[in-house]
Participant: 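The structure follows.
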Amino acid sequence: MALDRPAATTPTAAPWWTSAVVYQVYPRSFADSDGDGVGDLAGLASRLEHLQRLGVDVIWLSPVYASPQADNGYDISDYQAIDPSFGTLEDFDALLAQVHARGMKLVMDLVVNHTSDEHPWFVESRSSTDNPKRDWYWWRPPRAGFEAGLPGAEPTNWGSFFSGPSWTLDETTGEYYLHLFDRKQPDLNWENPQVRQAVHAMMRWWLDRGVDGFRMDVINLISKDPDLPDGSTTGVGGLGDGFPHVATRPGVHDFLREMNREVFGGRVGEFLTVGEMPGVTWEQARLFTDPARGELDMVFQFEHVSLDHGPGGKFDPKPLDLRDLKASLGRWQTALAEVGWNSLYWNNHDQPRVVSRFGDDGEHWRNSATALATVLHLHRGTPYVYQGEELGMTNAPFAGVHEMRDVESLNHYRQAVAAGAHPESVLRGLRAMGRDNARTPVQWDATPHAGFTTGEPWLAVNPNHTWLNAEAQYDDPHSVFNHYRALIGLRHDLPVVALGDFRMLLPDHPHVYAYERTLDDTRLLVVANLGGTPQTAELDREWTAADIVLTNNPEQALLSPGRVDLRPWEALVLTRTT
Ligand code: ISL
């Protein structure tokens with residue numbers, strides 16, 4: 001896409017999304033209008049006031065397409081229909097019109113690495129080895145010398161992201177199909193031009209309906225090594241690690257350039273495209289987001305949300321060392337300073353709640369939620385707020401696996417316990433890192449199901465909704481909600497926030513996160529204590545007389561020449577001109 005590169009000195013040339021904030025809606029858990037316990041489009045439409053009040057510019061809507069819901073809509077059986085649990089196409093059109101009328105944009109989730117096994121394409125593909133759609137997916141016979149259906153007969157040794165082998169035998173033809181995720185999510189074969197053309201046509205159909213862009217699910221996995229070599233190292237679960245053979249291969253760039261041409265060609269700059277890319281490095285991200293290459297506007301990278309993964313992977317978490325977080329986010333800021341653009345996020349529907357993960361959801365709940373928000377939002381990049389994050393929603397107190405719903409968690413529990421792990425220790429990992437933490441319903445008010453539904457919610461509301469809810473926060477000037485609102489306002493109002501250069505300060509301080517942003521003669525300082533004990537940070541003396549533009553602490557800031565004393569989880573934003 002030949003977008004103008006955001007040059008720090010010419011703000012008017014910057015694309016619109018450099019000063020925008022995106023809000024992610026996970027529709028199952030946002031608002032339920034019909035009492036069936038599942039959120040829906042009409043429910044979302046009824047809560048747009050909340051988003052407008054918050055001040056966000058764009059809504060990213062997680063999948064609402066027809067789906068058997070094996071992975072909550074990330075398994076799609078019809079890309080051009082709305083799942084009845086969410087409503088109808090008419091509801092969608094009405095929602096889109098309302099979003100636009102309120103001056104916001106709507107970005108769809110695009111899940112095209114795989115479909116549902118109930119998608120008509122796969123139903124045809126599996127029907128016979130000579131079906132015209134056979135080659136739309138990855139089919140392989142059992143390994144020579146092995147009997148189909150027995151361990152070792154899978155065409156490769158790859159483990160799936162959701163436990164177990166990434167191949168499932170289909171009895172109809174006696175061959176295996178590839179699924180990097182659940183067995184109900186067969187991978188499309190992007191090498192086949194018909195697949196790509198079908199996806200492009202579907203995307204154009206949504207753009208013609210008026211949507212404003214796409215968040216592209218695991219888009220760096222669409223190009224596989226056609227030789228399908230075994231993984232040479234062992235991954236989690238004892239199976240082979242196929243990741244190097246499916247992730248961020250050179251073909252992804254070709255596919256994205258082609259998509260860009262075929263789908264967005266001639267309408268440059270109107271849309272937002274963000275590619276979700278597990279394992280992407282900053283060197284690769286620079287290529288994907290270099291405007292001159294015409295691929296994507298930005299990517300979701302995973303480095304900073306993997307820093308607390310222990311030796312056993314994500315369900316074996318270890319404490320975060322703040323220095324690692326600063327080194328990681330700082331590296332990405334530097335890497336994408338001249339070319340490309342960062343996305344900024346703590347949370348989404350796959351991550352545990354940040355206030356529970358990197359903050360303190362007990363004594364310092366409010367200040368840790370607001371300090372973490374401050375630090376993230378004032379980096380250079382486009383911030384993403386995940387529903388409920390703006391309220392400081394926390395992880396859920398799951399009593400046991402019977403209260404969880406996520407296919408990843410349930411598969412992992414089953415496999416780990418079958419392999420001899422102690423159920424309590426598996427549960428500990430799931431409680432800390434499981435995706436259902438992000439998926440408990442949004443807490444609108446203190447009523448029994450938090451104002452989410454009048455029926456039985458599909459996943460229980462967090463009991464803390466009696467005090468942690470939107471209603472309780474709107475009129476409180478110190479609430480988490482109003483702090484997010486202020487941060488979003490700063491991005492809109494101050495060009496230095498959207499476009500200023502970034503410089504990390506105090507990289508070796510174990511508890512203080514500090515950085516400077518500079519645009520022309522304006523300087524912005526963000527300094528935050530991301531811990532529960534008082535801290536001191538040395539600063540340039542010039543900051544002593546600076547203006548405080550935002551703080552999460554109503555008490556007087558403790559600034560003195562050359563230093564600032566920070567209370568637990570205190571965050572300050574200062575500005576001055578040079
Ligand atoms: O949370 C993860 C598993 O540990 C991630 O690896 C996640 O699966 C990965 O980020 C891909 O996520 C996306 O694709 C998945 C879907 O389940 C996720 O919800 C989606 O965000 C398959 O479509």
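Every number for a ligand or one of its atoms is a count from 1 in the order of the listing.
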Participant: Give the residue and atom name of whichever protein heavy atom lies nearest to atom 13 (C) of ligand 1, and the separation in Å to one decimal.
Facilitator: D217 OD1, 2.8 Å
Participant: Which of the atoms in ligand 1, numbered in the order shown and given with their element, are less than 4.0 Å from a heavy-atom of E276?
Facilitator: 9 (C), 10 (O), 11 (C), 12 (O), 13 (C), 21 (O)
Participant: Hey, are Q69 and R28 close enough side-chain-wise for a donor-acceptor pair under 3.5 Å?
Facilitator: yes
Participant: Please confirm whether H114 comes under 4.0 Å of ligand 1, counting heavy atoms of the residue only.
Facilitator: yes
Participant: Are there over 12 heavy-atom neighbours, none belonging to R47, within less than 6.0 Å of that residue's CZ?
Facilitator: yes
Participant: Note the single closest protein heavy atom to atom 6 (O) of ligand 1, along with its residue, its atom name and the distance in Å.
Facilitator: F161 CD2, 4.4 Å
Participant: Salt bridge between R435 and D350, side-chain N to carboxylate O under 4.0 Å?
Facilitator: yes
Participant: Which residue holds the protein heavy atom closest to atom 7 (C) of ligand 1, what is that atom called, and what is the gap in Å?
Facilitator: D350 OD2, 4.0 Å
Participant: Pairing donors with acceptors under 3.5 angstrom, does anything connect the side chains of T382 and W341?
Facilitator: yes
Participant: For ligand 1, which part of R215 has a heavy atom less than 4.0 Å away: the side chain, the backbone, both, or neither?
Facilitator: side chain
Participant: Closest non-hydrogen protein atom to atom 17 (O) of ligand 1, residue and atom name please, with distance?
Facilitator: D71 OD2, 2.5 Å
Participant: For atom 11 (C) of ligand 1, what's the nearest protein heavy atom and its distance?
Facilitator: V218 CG1, 3.3 Å
Participant: Does either side chain, that of D83 or that of S67, offer a donor lying less than 3.5 Å from an acceptor on the other one?
Facilitator: no
Participant: Where does H349 meet ligand 1, judged by heavy-atom distances below 4.0 Å: at the side chain, the backbone, both, or neither?
Facilitator: side chain
Participant: Go through ligand 1 atom by atom and flag the ones less than 4.0 Å from a non-hydrogen atom of F302.
Facilitator: 10 (O)
Participant: Check the side chains of D109 and Y65 for a donor-acceptor pair under 3.5 angstrom, ignoring hydrogens and angles.
Facilitator: no
Participant: Could you identify the single nearest non-hydrogen protein atom to atom 8 (O) of ligand 1 and state the distance to 0.1 Å?
Facilitator: F181 CE2, 3.5 Å
Participant: Out of the candidates T168, D187, D75, D117, only one should pair with H179 under the side chain to side chain donor-acceptor pair (under 3.5 Å) rule; please name it.
Facilitator: T168
Participant: Compute the ring centroids of W206 and F92, then answer whether they are less than 6.0 Å apart.
Facilitator: yes
Participant: Report the nearest protein non-hydrogen atom to atom 4 (O) of ligand 1: residue, atom name, distance rounded to 0.1 Å.
Facilitator: E408 OE2, 2.5 Å
Participant: Among protein heavy atoms, which sits nearest to atom 1 (O) of ligand 1, and what does the distance come to when rounded to 0.1 Å?
Facilitator: K314 NZ, 3.2 Å
Participant: Anything under 30° is parallel, anything over 60° is perpendicular, the rest tilted; go ahead and classify Y79 against H119.
Facilitator: tilted
